[in-house]
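So the structure is just underneath, and the comments pick up after that.
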There are 2 protein chains.
Amino acid sequence: VISERLKKQVDFIVELDRLKQILRRTLTLDGSRHENSAEHSWHLAVLALVLSEYSNDSLDLARVLKMALIHDVVEIDAGDTFVYDEEGQARRPALEAAAAERLFGLLPSDQAAELRAIWEEFEARQTPEATFAASLDRLQPILQNYHTRGAAWQANGITKAQVLARNAVIAEGSTVLWELAKCMVESAAQKGWLPEENS
Amino acid sequence: VISERLKKQVDFIVELDRLKQILRRTLTLDGSRHENSAEHSWHLAVLALVLSEYSNDSLDLARVLKMALIHDVVEIDAGDTFVYDEEGQARRPALEAAAAERLFGLLPSDQAAELRAIWEEFEARQTPEATFAASLDRLQPILQNYHTRGAAWQANGITKAQVLARNAVIAEGSTVLWELAKCMVESAAQKGWLPEENS
């Protein structure tokens with residue numbers, strides 16, 4: 001006999017499997033296919049594990065890992081929104097809030113409240129953990145683009161000015177990692193993988 | 001100027017992207033394709049986040065999350081070994097130890113030692129965190145199989161007796177989750193998704 005509580009927890013775990021089918025604009029580093037949001041979330045958590053020493057502020061790493069794991073689950077209902085899609089970004093908060101209500105609502109109420117609070121903290125970017133997690137969430141696609149010769153930038157007509165403007169928030173979480181990001185952007189531009197402006 | 005330390009950390013993060021290309025026997029829950037080990041690692045960490053209350057012993061959840069994130073990275077060199085492949089399981093330890101040496105060795109030495117110790121702890125299954133993480137690593141494929149009508153079991157000629165024998169270790173980490181696993185196995189057998197023995 002399986003408890004009602006455990007049934008709800010399994011329903012949530014089963015539903016979250018759908019994140020494996022949500023495709024992002026970025027490619028895997030071998031260039032063979034688009035990344036999905038589940039494997040991106042894993043990679044983001046690995047970044048947190050390895051790079052936490054570069055946070056501007058001291059951190060509760062466990063909380064950053066939890067944020068990395070659940071930050072994108074709302075995309076199961078709301079889809080992935082490209083960081084350079086301004087219209088999509090304007091629509092995103094309402095869609096994702098409804099998704100959070102449904103998805104975290106599958107859990108027992110105590111866990112629903114706990115995980116929703118972690119997701120809302122990530123979105124609000126007011127705590128050291130959320131600010132750093134958000135910085136890594138911007139750094140990871142730059143890494144993916146740099147190592148795939150700017151594939152997602154070029155496919156979507158993105159310029160160096162756009163990349164620098166949209167990702168300057170990385171500095172809020174880590175000045176060191178913003179320096180790293182700028183190095184990759186400059187190098188990509190010099191190699192012809194990222195135009196200065198739209199032609 | 002990027003420090004040598006940060007360069008090593010980025011090399012490790014870039015190399016780990018290859019885990020996204022390591023395919024497992026199990027399917028994603030929509031049945032459309034095989035799971036890869038990166039998204040499996042994410043899913044395993046989500047299981048840990050939601051199900052930690054069922055551990056037989058009290059846990060450091062952060063350590064379980066770290067184990068879930070890195071437990072399969074050795075597959076980048078050693079490949080995924082099917083849990084029912086006895087010959088493969090016999091070869092696995094030596095192959096994976098060499099992989100751990102190379103992969104964690106990409107990191108600065110302090111982090112290489114830290115992450116390798118976490119991986120070795122997971123493999124040894126002697127601590128509450130490792131025992132529970134290993135239990136979840138057995139439970140997750142049973143969930144995937146149950147929700148894909150036993151697809152990976154049937155494709156590989158696996159019987160109910162094999163599933164029960166190979167996964168009884170789940171009880172070492174969680175008696176509650178072993179009850180859940182047995183319920184799914186019994187139900188799958190009744191539905192005709194898992195034969196009692198090889199025909």
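Reminder, nothing fancy here: chain letters follow the sequence lines and each chain counts from 1.
In this structure, the separation between CH2 on W42(A) and CG on L44(B) is 13.0 Å, given to the nearest 0.5 Å. For the atom pair CG (L51(B)) and CD (Q111(A)), the distance works out to 7.5 Å, reported to the nearest 0.5 Å. Here the CZ atom belonging to F12(B) is positioned 7.5 Å from the CG atom belonging to L49(A), to the nearest 0.5 angstrom.
A continuous path of ILVMFWY side-chain contacts below 4.5 Å connects Y84(A) to I170(A), so both sit in one hydrophobic cluster. Linking Ile, Leu, Val, Met, Phe, Trp and Tyr whenever their side-chain heavy atoms come within less than 4.5 Å leaves F104(B) and L95(B) in two separate clusters. The cluster map of Ile, Leu, Val, Met, Phe, Trp and Tyr, joined by side-chain heavy atoms under 4.5 Å apart, puts L23(A) and F82(A) in different clusters. Linking Ile, Leu, Val, Met, Phe, Trp and Tyr residues whenever their side-chain heavy atoms come within less than 4.5 Å leaves W153(B) and L27(B) in two separate clusters. Criterion: ILVMFWY side-chain heavy atoms under 4.5 Å apart, direct or through other members. Under it, V14(B) and L139(A) are part of a common hydrophobic cluster.
For R166(B), the CZ atom counts as densely surrounded, since its 6.0 Å shell holds more than 12 non-hydrogen atoms of other residues, nucleotides or ligands. Annotation: R149(A), atom CZ; neighbour count of heavy atoms from other residues, nucleotides and ligands within 6.0 Å does not exceed 12.
At a 4.5 Å heavy-atom cutoff, the contact between L69(A) and chain B is made by backbone and side-chain atoms alike. Using a 4.5 Å cut-off between heavy atoms, L180(A) contacts chain B through both its backbone and its side chain. Looking at S37(A), neither its backbone nor its side chain comes within 4.5 Å of chain B, counting heavy atoms on both sides. Neither the backbone nor the side chain of E114(B) comes within contact range of chain A; no heavy atom of the residue lies under 4.5 Å from a heavy atom of that chain. Looking at R18(B), neither its backbone nor its side chain comes within 4.5 Å of chain A, counting heavy atoms on both sides. Both the backbone and the side chain of Q9(A) come within less than 4.5 Å of a heavy atom of chain B. Looking at R63(A), there are no atoms closer than 4.5 Å to chain B (heavy atoms on both sides), in backbone or side chain. Both the backbone and the side chain of L6(B) have a heavy atom closer than 4.5 Å to some heavy atom of chain A. Using a 4.5 Å cut-off between heavy atoms, L61(A) touches chain B through its side chain atoms alone.
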Exercise. Checking side chain to side chain contact (heavy atoms under 4.5 Å, CB included) for the pair L65(A)/K66(B): CA distance, chi angles, key distance, verdict?
Worked result: CA-CA 8 Å; L65(A) 294 180; K66(B) 291 176 187 178; 4.2 Å; yes
Exercise. Do Q140(A) and I13(B) pass the side chain to side chain contact (heavy atoms under 4.5 Å, CB included) test, and can you show the C-alpha distance, the side-chain angles, and the key distance before you say yes or no?
Worked result: CA-CA 10 Å; Q140(A) 195 263 356; I13(B) 287 163; over 6 Å; no
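Taking 4.5 Å as the limit, some side-chain heavy atom of D17(A) sits within range of a side-chain heavy atom of Q144(B).
Among V46(B), L143(B), L47(B), the residue with the largest count of heavy-atom pairs under 4.5 Å with chain A is L47(B). Ranked by heavy-atom pairs shorter than 4.5 Å toward chain A, the options V10(B), V1(B), L29(B) are led by L29(B). Ranked by heavy-atom pairs under 4.5 Å with chain B, the first of E179(A), R33(A), E35(A) is R33(A). Interface remark: of the candidates V73(B), L107(B), L177(B), L19(B), L19(B) forms the most heavy-atom pairs closer than 4.5 Å to chain A.
H43(A) places no side-chain N or O within 3.5 Å of a backbone atom of K20(B) that could act as its donor or acceptor partner.
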